[in-house]
Amino acid sequence: MPESLIVLKNLSKRFGKKKAVNRISMSIRTGEIFGFLGANGAGKTTTIRMLCGLTKPTAGIGTICGLNVWKDRFRIRSRFGYVPQKFSLYSDLTVGENLRFFAGAYRVPSQKIKARTQKVLCDLDLERRESERAGRLSGGYKQLLAIACALIHEPILLFMDEPTAGLDPTHRQAIWDLIYELSQAGTTIFVTTHYMDEAERCTDVGFVDGGQLLANGSPRDLKEGLKGHLLEVQVEPAMTAMFEFRKLPGIFGADLRSGNLRIQAEDPDALLHSWQVHWPFPGLKFLGFNWVEPDMEDVFQAYSRGYFKPDGDHPAPVKLAYKV
Amino acid sequence: MISWTAIEAIAYKEFVHVWRDRRVMLLIVVLPPFFTFLFGHAFENSTIRDVPAMYFDADHSPQSQEFLALLKAKDIFDWKPWNGDPIGKIDLFTAGVDAAIVMPAGWGQGLQDGDPKPIRAVLDGSDTNTAPSVQGALQETLGDYQSKKRDELIENLPDEIIDLGKQLPVPIRHEFSSMMTPWDVKVETLYNPKLSFIDYVMPGIVGLILQLITVTLIASTITREREVGTLSQLLVTPLRQSEIVIGKVLPYLVISMFLIASTILVGNLHFGVKFQQPLLLSITCFLFLLFSLGLGLLISSFSRTQTQAIQISIFFLLPVMLLSGAFAPLGQLPRPVRICSELFPLTHFCRAFRNVNLHHSHISSIAGDLAFLAVGAIFTCAGASYLLRIIDD
């Protein structure tokens, strides 16, 4: 098993009274594509900024390659690249100038700058845009350039904060293909997203909500925890049923999926049984049911709705990290 | 270990920012020489002239006409037709003049009768410079007229009176003739013998323009990166804060050295101001610009937004303009204010520049000012680089 590249131990950050990140502990192995999932404001960006040494943790420690992310930040910086959430390159510089600037900033030896620039331009399909101003690129190319700048010094680790937010499916795919290529070449990827289909593409994910890490594991293991517990019913009219179900005690969530209602309940077996005995909604028509395979969307919803509790007898999530 | 490749990368990028911003580029190339031209003409001459004035001759004697002719020969007045009551209250404001002069009836006769009457002058004191100058000009003209009359009197004395005078004892005669001769001061003006104000004020103009441009130009650089988010990008690279600061200051230093040279060129070619000891002046300019840029950068790293940076710059520049002695000697300021003005780089720049250029001073006499500028430059740059470290919250 490969060793841990990033280790977090009770890493915390508070802004005044607000706990932006609350005692997160986890480790990320070399070569992983680690997906850091959570809603907006869950603490993803703050965690990344702490790991990049941009903001000082208020408690706990984080290490990359065994070096402290705050105290040794000047020593680790040449080893990773960081693609921030917001486009933050120099709009008035051309694509090539941005790349050469970051090459200089990352202390790439001057005789190597040309070759490196050429390589990332080629790898990221930016060759034809080398002399275009960065500010005039479309959103997708801007993002590719941001990644290119973060890769100019051949880092072993790449932090990407919502790299696909707001991009069209083609560019999203292009960026994920790139992530796979990098991973294949041995680069560890730490990526945040709130697209659940992207979570499926990671080798490992962490769920963060309200600054706390709720779960940490591979997508397969996390889905395993919900297996056999996810009920889908066919009811008409579906929309009315969704709102009715959500009011019921013992139901955490009811969502429309392709015309059916997917239900996360405390005890789905008992619920189904009671409905088969007595259907409590005279205005709704029960047409059938089946048990479905959970996807990451379900897992995410289950965690954020508090479906998994640390002490309950509900399906135990893998490596549950709730309230460490 | 400071990496020159890294500094070069930043300096090049900063230069491109300015270069590609055509509007700013145009402004900084055109404005400094233009302002030097404009301010130079504004302050070319410190003497007051063309004061709107009017006179009324109630006397109509040959004497009063003679005196008025002398007064008219001076270019301090711009004569307007009389408007008002020569005996009662004179309203200068309604008459649209700053001075009114009335030659009282019987003035000429009074001079002959040994009973000289005062000339009536009404002056506008709202502008504190004009009234004393006008009064001085009147006194001076009157003095000239008096000496002229005295000379005429002596010239035309009949011989018997001269003979009568010769009977007086010698010491009394000597004392008397001394009394009849105007006493004089022999003035030897050093450093600016032609008393041309432009020679005095040129360092003030040059310094003020450059102070304004350097501070406002560099003050937005770090805050812009903070606002756009590129500062985070810079700070995750292995760049050191000192490299960022040096890399940012360098291109602006080169640009502002060119700008200061352009203003000095205008001063020399257009206003004929001579510049002495070019090496010493260059060192003074260099240190002054470095300190100013350091100050701008300090403001920049301290501010959260570009608007804030510009506001802070303006609040800083306002006292500098008024208290640094750019246009008037610092000696006129009260002591506590002078202490405050000693903190501004422009104060030291103006003093050192004048010492070199007007007093032909040696480096030793401006060493204190140069040292202050150098220490200020180091202190502000170090402060800016320290403040870069504080990056969140």
Side-chain angles (χ1 to χ4, degrees), chain A residues 13-16 20 45-46 48-58 69 73-94 97-113 133-135 146 149-150 152-153 155 158-159 161, chain B residues 1-25 217 220-248 250-251 301 304-306 385-393:
Chain A
K13 175 78 187 181
R14 48 164 79 223
F15 295 105
T45 300
T46 309
I48 281 204
R49 286 177 64 85
M50 279 195 282
L51 292 177
C52 290
L54 282 173
T55 187
K56 190 182 177 180
T58 34
V69 291
R73 60 191 187 282
F74 294 107
R75 286 171 63 199
I76 336 173
R77 277 180 183 167
S78 52
R79 308 206 191 163
F80 67 80
Y82 168 53
V83 183
Q85 195 171 358
K86 202 172 106 187
F87 175 73
S88 22
L89 296 173
Y90 300 101
S91 324
D92 51 345
L93 263 57
T94 65
E97 283 166 340
N98 267 297
L99 283 169
R100 283 187 288 275
F101 168 70
F102 280 101
Y106 277 110
R107 294 165 199 263
V108 173
S110 26
Q111 66 272 18
K112 285 190 184 166
I113 287 180
R133 299 269 172 95
C149 288
I152 193 82
H153 58 301
L158 185 63
F159 289 103
D161 199 354
Chain B
M1 308 115 301
I2 282 174
S3 145
W4 281 106
T5 329
I7 291 177
E8 216 181 281
I10 295 188
Y12 176 74
K13 161 190 99 68
E14 284 299 321
F15 182 76
V16 171
H17 287 323
V18 183
W19 181 250
R20 298 247 164 99
D21 196 340
R22 282 306 151 100
R23 258 166 277 182
V24 167
M25 195 65 201
L217 207 58
S220 56
T221 59
I222 292 177
T223 38
R224 184 178 50 218
E225 299 220 24
R226 208 189 286 277
E227 268 183 345
V228 178
T230 46
L231 190 65
S232 296
Q233 278 294 75
L234 279 190
L235 292 172
V236 291
T237 67
L239 283 175
R240 285 160 188 280
Q241 278 106 324
S242 54
E243 287 168 345
I244 298 179
V245 166
I246 296 173
K248 275 184 181 286
L250 265 183
S301 53
R304 298 290 112 177
T305 61
Q306 289 189 66
S385 114
Y386 173 77
L387 282 178
L388 267 185
R389 201 177 288 255
I390 304 163
I391 45 190
D392 60 320
D393 312 333

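Please read all numbers here as calculations on a predicted model, not as lab measurements. So you know, we letter chains A, B, ... as the sequences are listed, proteins then strands, and number each from 1.
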Is there a side-chain contact between [X] and [Y] in this structure, where contact means two heavy atoms from C-beta onward sitting under 4.5 Å apart?
X	Y	result
B:Val16	A:Asp92	no
B:Leu234	A:Phe101	yes
A:Phe74	B:Pro238	no
A:Arg100	B:Tyr12	no

Considering non-hydrogen atoms only, spot the tightest contact between [X] and [Y] and give its length.
X	Y	result
B:Gln233	A:Tyr82	OE1-O, 3.2 Å
A:Ser110	B:Thr5	CB-CG2, 4.3 Å
A:Lys86	B:Glu227	NZ-O, 3.0 Å
A:Ala105	B:Ala9	N-CB, 4.4 Å
A:Leu89	B:Val228	O-CG1, 4.4 Å

If you measure from [atom1] on [X] to [atom2] on [Y], what distance do you get to the nearest 0.5 Å?
X	Y	atom1	atom2	value
B:Arg20	A:Thr94	CZ	OG1	6.0 Å
A:Tyr90	B:His17	OH	NE2	5.5 Å
B:Ser232	A:Asp161	OG	CG	10.5 Å
B:Thr237	A:Ile152	OG1	CD1	13.0 Å

Count the heavy-atom pairs under 4.5 Å between each of A:Glu97, A:Arg75, A:His153 and chain B, then report the option with the highest count.
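Heavy-atom pair counts peak at A:Glu97.
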Under a 4.5 Å heavy-atom cut-off, does chain B meet the side chain of A:Arg133, its backbone, both or neither?
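It is the side chain, since no backbone atom gets that close.
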Engaged part of A:Phe87 at the chain B interface, taking heavy atoms whose separation is under 4.5 Å
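Interface part for A:Phe87: backbone (N, CA, C, O).
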Under 4.5 Å heavy-atom distance to chain A, tell me which part of B:Ile244 shows up: side chain, backbone, both or neither.
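Interface part for B:Ile244: neither.
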Can you tell me which portion of B:Arg224 sits under 4.5 Å from chain A's heavy atoms? Options are side chain, backbone, both or neither.
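It is neither, since no heavy atom gets under 4.5 Å.
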Within the side chain of A:Arg77, is there an N or O that forms a donor-acceptor pair under 3.5 Å with the backbone of B:Leu235?
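Checked: pair present.
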How about B:Arg22: does its CZ atom have over 12 heavy atoms from other parts shown lying under 6.0 Å from it?
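Counting other residues, nucleotides and ligands, CZ of B:Arg22 exceeds 12 neighbours.
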CD (B:Glu8) with more than 12 external heavy atoms under 6.0 Å
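No, because the 6.0 Å sphere around CD of B:Glu8 holds 12 heavy atoms or fewer from other groups.
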Using a strict threshold of under 4.0 Å (side-chain N to carboxylate O), is an ion pair present between A:Arg107 and B:Glu243?
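Looking at B:Glu243 and A:Arg107, the cut-off is met.
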